[in-house]
Amino acid sequence: MKLETLVVHSGRRIDQATGAVTPPIHLATTFERAPDGAYPHGYQYARESHPNRSDLETCLSALEGGAEAAAFTSGSAATLALLETLRPGDHVVATDDVFYGTRSLIVDLLGSWGLESTFVAAGDPTEIERALRPTTKLLWIETPSNPLVGIADIAAVAEIAQARGAEVVVDNTWATPIFQRPLTLGADWVLHSTTKYFGGHCDVLGGALVARRESDRGQRLRQIQKSGGAGASPFDSWLVLRGVRSLACRMKTHAENAQRLAEFLAAHPKVVRTYYPGLVDHPNHDIAARQMSGWGGMLSFEVAGGREAAFRIAAATQVFTRATSLGG
Ligand code: PLP
């Protein structure tokens, strides 16, 4: 099925009790047992799972072409859960322009629990290879990256890392599966801040992990999700899934707009540099062209005059809102 069809239909259920075409939000925290003590509908207690989270996970797994997905209260909660599957002394290699919150979780939070880490340049497979150790369990890449729109060659780095026994995580928040499907390029895990394009309206926080195959780490991740309580709530799951229904249409418009803006900025005399993979002078434009079917909606640029000029220009914009986040 085409992605445009999947975004509309995956995880969709007609409510059996009423025939409603949109799923109800199941606020129940607990589910009835059968006389023999079993749970005939598969749900016990909402911290562990609930119908709205299951619908969302089914959908996200289908969109990324994965075996299973786990939805969380935020992208950072999903990141932390995957890092918590590691043990003291394990090593993570990450690209140096990952979202600053991801770096902080790896270094500041889990560093004190004995997690070791090395940060490397995204576009340089040789540097990645040099950083791998026998204890490296995960290679964490973000492509395109936030905020410098760096591009890493997913297939190439996956081959290098997996040959040395490390699994590869791709933060696919910026591209979304509409433009890039890392699992089909060899990655083991895809991470999303569903707060961004999936939600699409700046009104819900969420995160998700999608796994290429079932594994021990996947089971541990589920255990962390169920026992730790950071799984996405019924209402948040419902909102994210509603956002996904229009994802394909929105991403195409975002990308068309971003390409035109990037070209305008790149030609502007007061702009020093524009970062967008759709510009042919992006250093990894060719790699992006190989692994992405569109360039995405995010760009960044540097203006002449440094910090002061940048703040002045941001303050003078009329359509943009100066606020953190994207995708709404
Ligand atoms: N990954 C990327 C690329 C992000 O941009 C963000 C947030 O800005 C995150 C992860 C973290 O997601 P959240 O804010 O939903 O915790």
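Worth knowing before you read on, the calculation uses all heavy atoms, side chains too, and leaves out hydrogens, waters and symmetry mates. One-based numbering, in listed order, for ligands and for the atoms of each. Start at 1 with the first residue, then count along the sequence.
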Protein contact of atom 1 (N) of ligand 1 - nearest heavy atom, named by residue and atom, plus distance: Asp171 OD2, 2.7 Å
Proximal atoms of ligand 1 relative to Glu142 (non-hydrogen, under 4.0 Å): 3 (C)
His192/Phe198 aromatic ring centres below 6.0 Å: yes
Passing candidate, salt bridge (Lys or Arg N to Asp or Glu O under 4.0 Å) with Arg222, options Glu48, Glu57, Glu84: Glu57
Heavy-atom nearest option to atom 12 (O) of ligand 1, drawn from Ala77, Ser193, Ser74: Ser193
Short side-chain donor-acceptor distance under 3.5 Å, Tyr276 and Glu263: no
Polar side chain donor-acceptor pair, Thr195 to Ser193, under 3.5 angstrom: yes
Shortest protein heavy-atom distance from atom 11 (C) of ligand 1, along with the residue and atom involved: Phe99 CE2, 3.3 Å
Atoms in ligand 1 flagged as close to Gly75, the criterion being non-hydrogen separation under 4.0 Å: 12 (O), 13 (P), 15 (O), 16 (O)
Contacts of type side-chain hydrogen bond (donor to acceptor under 3.5 Å, both in side chains), residue Glu167, not counting sequence neighbours: Trp189, Arg217
Closest approach of any protein heavy atom to atom 5 (O) of ligand 1, naming residue and atom: Asn146 ND2, 2.9 Å
His268 ring center near Phe301 ring center (under 6.0 Å): no
Any N/O pair Ser76/ligand 1 closer than 3.5 Å: yes
Between Arg53 and Ser49: side-chain donor-acceptor atoms closer than 3.5 Å: no
Polar contact flag for Leu205 and ligand 1 (N/O pairs, less than 3.5 Å): no
Gly206 neighbourhood, listing ligand 1 atoms whose heavy-atom distance to it stays under 4.0 Å: 15 (O)
Polar contact flag for Thr102 and ligand 1 (N/O pairs, less than 3.5 Å): no
Protein residue, atom and distance nearest to atom 15 (O) of ligand 1, heavy-atom basis: Thr195 OG1, 2.7 Å
Protein residue, atom and distance nearest to atom 14 (O) of ligand 1, heavy-atom basis: Lys196 NZ, 3.8 Å
Proximity of Trp295 and His285 rings by center, below 6.0 Å: yes
